[in-house]
Amino acid sequence: MLPVLRIAAEGPERRVGEVAERIADDLGLSAAEREELLPSGRQRVLHNRIHWAKFYMGKAGLIAAPARGRFVATEAGHQLLSKSPARIDVALLLRVPAFRAFYRDEAGHDADVLAPAAAPATEATATPQDRIEAAYQEMHAALRADLLQRIAQNTPGFFEGLIIDLLVAMGYGGSHRNATEQLGRSGDGGVDGVINEDRLGLDRVYVQAKRYAAGIAVGRPEVQAFVGSLVGLGAGKGVFVTTSTFSAQARDFVRHLSQRVILLDGATLADLMIEHGVGVRTAQTIALKRLDEDFFAEEV
């Protein structure tokens, strides 16, 4: 991570392809190490490590991504470098509250008890299954963050189409064409669209979609306005989708309604996209095999 942050602090904005060779020089990598591929054969190990370094330091607020594929050091990154750290690793990043929250809540680790001195012991005592599960959770969290970042970089129309794709993939709205025709009628009674709950159209679900910047929660007034629109339309079901989060007051408000209103925040939206294959694709499949005891059992 340290070589990546040093180059990011020099400015201007950088790309991975532009800095890979210089980082390889800084690390003293051999020609073979520079060309080494991941087991999947799809990416060089060097580029993969740089991407993960960017992602982790981005979560710690040390690196920013002002445009797609570009990165630059933040003020916090410059301040850290001014202290001349010998290395930057997860143990150091865990001192940053934002990264601790990410590492605990998103990656499935208990960052409150995982002190730097305890980290090596935890890794040493983990079973192979534990390590696989931990790696899966971290990659899932990284993908979730990437999805929300890319959604934020696209247009409101793209976000609308994404919701259509997701709802159809989940079994709502009938065909994609029918869903597209119904969703996206902005200004229709205070909702963004309406979609069939089933293929026969026996019931309908009203949808509100709001792209909010990270850190800005959708409050109770916005949700209450959506519910008021449902009442005016005589509707009993609604879904409010946002790329950020909902305030505690907003969530508490919908618990006591006669209407069925689902609040879909950014993390849940990304999880559903991953689960239903919207905006993602399988990069690698690993089959874990175990001993077949029945094969080796002798008949008596």
Side-chain angles (χ1 to χ4, degrees), residues 1-96 98-100 102-103 106-107 109 114 116 119-120 122-124 126 128 131-132 134-150 153 280-286:
M1 296 188 208
L2 183 55
V4 174
L5 184 58
R6 282 174 174 160
I7 293 179
E10 295 175 358
E13 301 167 8
R14 303 300 184 107
R15 292 181 180 271
V16 171
E18 298 170 355
V19 304
E21 287 304 312
R22 180 175 166 187
I23 290 176
D25 290 339
D26 291 343
L27 297 175
L29 300 185
S30 66
E33 288 171 330
R34 295 167 193 248
E35 299 300 324
E36 183 180 353
L37 297 175
L38 294 172
S40 65
R42 295 177 179 271
Q43 187 182 33
R44 283 197 288 171
V45 173
L46 175 61
H47 283 201
N48 180 266
R49 297 287 174 84
I50 295 173
H51 280 294
W52 276 102
K54 283 174 43 195
F55 176 75
Y56 268 36
M57 289 191 291
K59 285 298 178 183
L62 304 179
I63 280 181
R68 178 182 172 186
R70 296 184 179 275
F71 63 97
V72 67
T74 63
E75 181 60 31
H78 284 281
Q79 291 178 3
L80 176 60
L81 289 176
S82 70
K83 300 176 183 178
S84 302
R87 63 182 284 117
I88 299 176
D89 53 21
V90 171
L92 187 149
L93 298 184
L94 282 172
R95 302 173 189 172
V96 181
F99 185 82
R100 287 170 64 85
F102 158 75
Y103 207 67
E106 304 296 336
H109 297 288
L114 185 59
T122 302
E123 178 67 20
R131 292 194 292 271
I132 291 172
Y136 172 81
Q137 293 296 337
E138 290 188 33
M139 295 182 73
H140 184 95
L143 178 57
R144 179 192 296 164
D146 284 343
L147 283 171
L148 292 176
Q149 182 181 33
R150 295 298 295 274
Q153 292 172 349
V280 300
R281 65 178 64 181
T282 301
Q284 183 180 5
T285 301
I286 300 175

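Heavy atoms only: backbone and side chains are in, while hydrogens, waters and symmetry mates are out. Note that this is a predicted model, so its numbers are computed, not measured.
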(request) For residues Glu138 and Phe55, determine if any side-chain heavy atom of one lies less than 4.5 Å from a side-chain heavy atom of the other. (result) no
(request) Could you tell me which non-hydrogen atom of Ala60 sits nearest to which non-hydrogen atom of Leu93, and how far apart they are? (result) CB-CD2, 3.9 Å
(request) Kindly give the heavy-atom pair with the smallest separation between Pro66 and Phe71, and that separation in Å. (result) CD-CA, 4.3 Å
(message) Within the structure provided, determine whether Gln149 and Asp146 are in side-chain contact (heavy-atom separation under 4.5 Å).
(response) yes
(request) Could you tell me the separation between the OG1 atom of Thr74 and the CG atom of Leu5, rounded to the nearest 0.5 Å? (result) 8.0 Å
(message) Working to the nearest 0.5 angstrom, can you tell me the gap between Met57 CE and Ile63 CD1?
(response) 3.5 Å
(message) So if I apply the side chain to side chain contact (heavy atoms under 4.5 Å, CB included) rule between Pro3 and each of Ile50, Ile88, Leu27, which one comes out positive?
(response) Leu27
(request) Specify the closest pair of heavy atoms between Ala53 and Val4, including all atoms of both residues, with the distance to one decimal. (result) CB-CG2, 4.0 Å
(request) Could you tell me the separation between the CG atom of Leu46 and the CD1 atom of Ile23, rounded to the nearest 0.5 Å? (result) 7.0 Å
(message) Is the shortest side-chain heavy-atom distance between Val90 and Phe99 below 4.5 Å?
(response) yes
(request) For residues Lys54 and Val16, determine if any side-chain heavy atom of one lies less than 4.5 Å from a side-chain heavy atom of the other. (result) yes
(request) Taking all non-hydrogen atoms of both residues into account, name the closest pair between Asp25 and Arg34 and its distance. (result) OD1-NH2, 2.6 Å
(message) Show the nearest heavy-atom pair for residues Arg44 and His47, with the distance to one decimal.
(response) NH2-NE2, 2.9 Å
(message) Could you check whether any side-chain N or O of Arg87 sits under 3.5 Å from a backbone N or O of Leu2, counting only pairs where one atom can act as donor and the other as acceptor?
(response) no
(message) Within the 4.5 Å heavy-atom criterion, are Val96 and Leu62 side-chain neighbours or not?
(response) no
(message) Show the nearest heavy-atom pair for residues Arg14 and Glu18, with the distance to one decimal.
(response) CA-OE1, 3.8 Å
(message) Nearest 0.5 Å, please: how far is OH in Tyr136 from CE in Met139?
(response) 10.0 Å
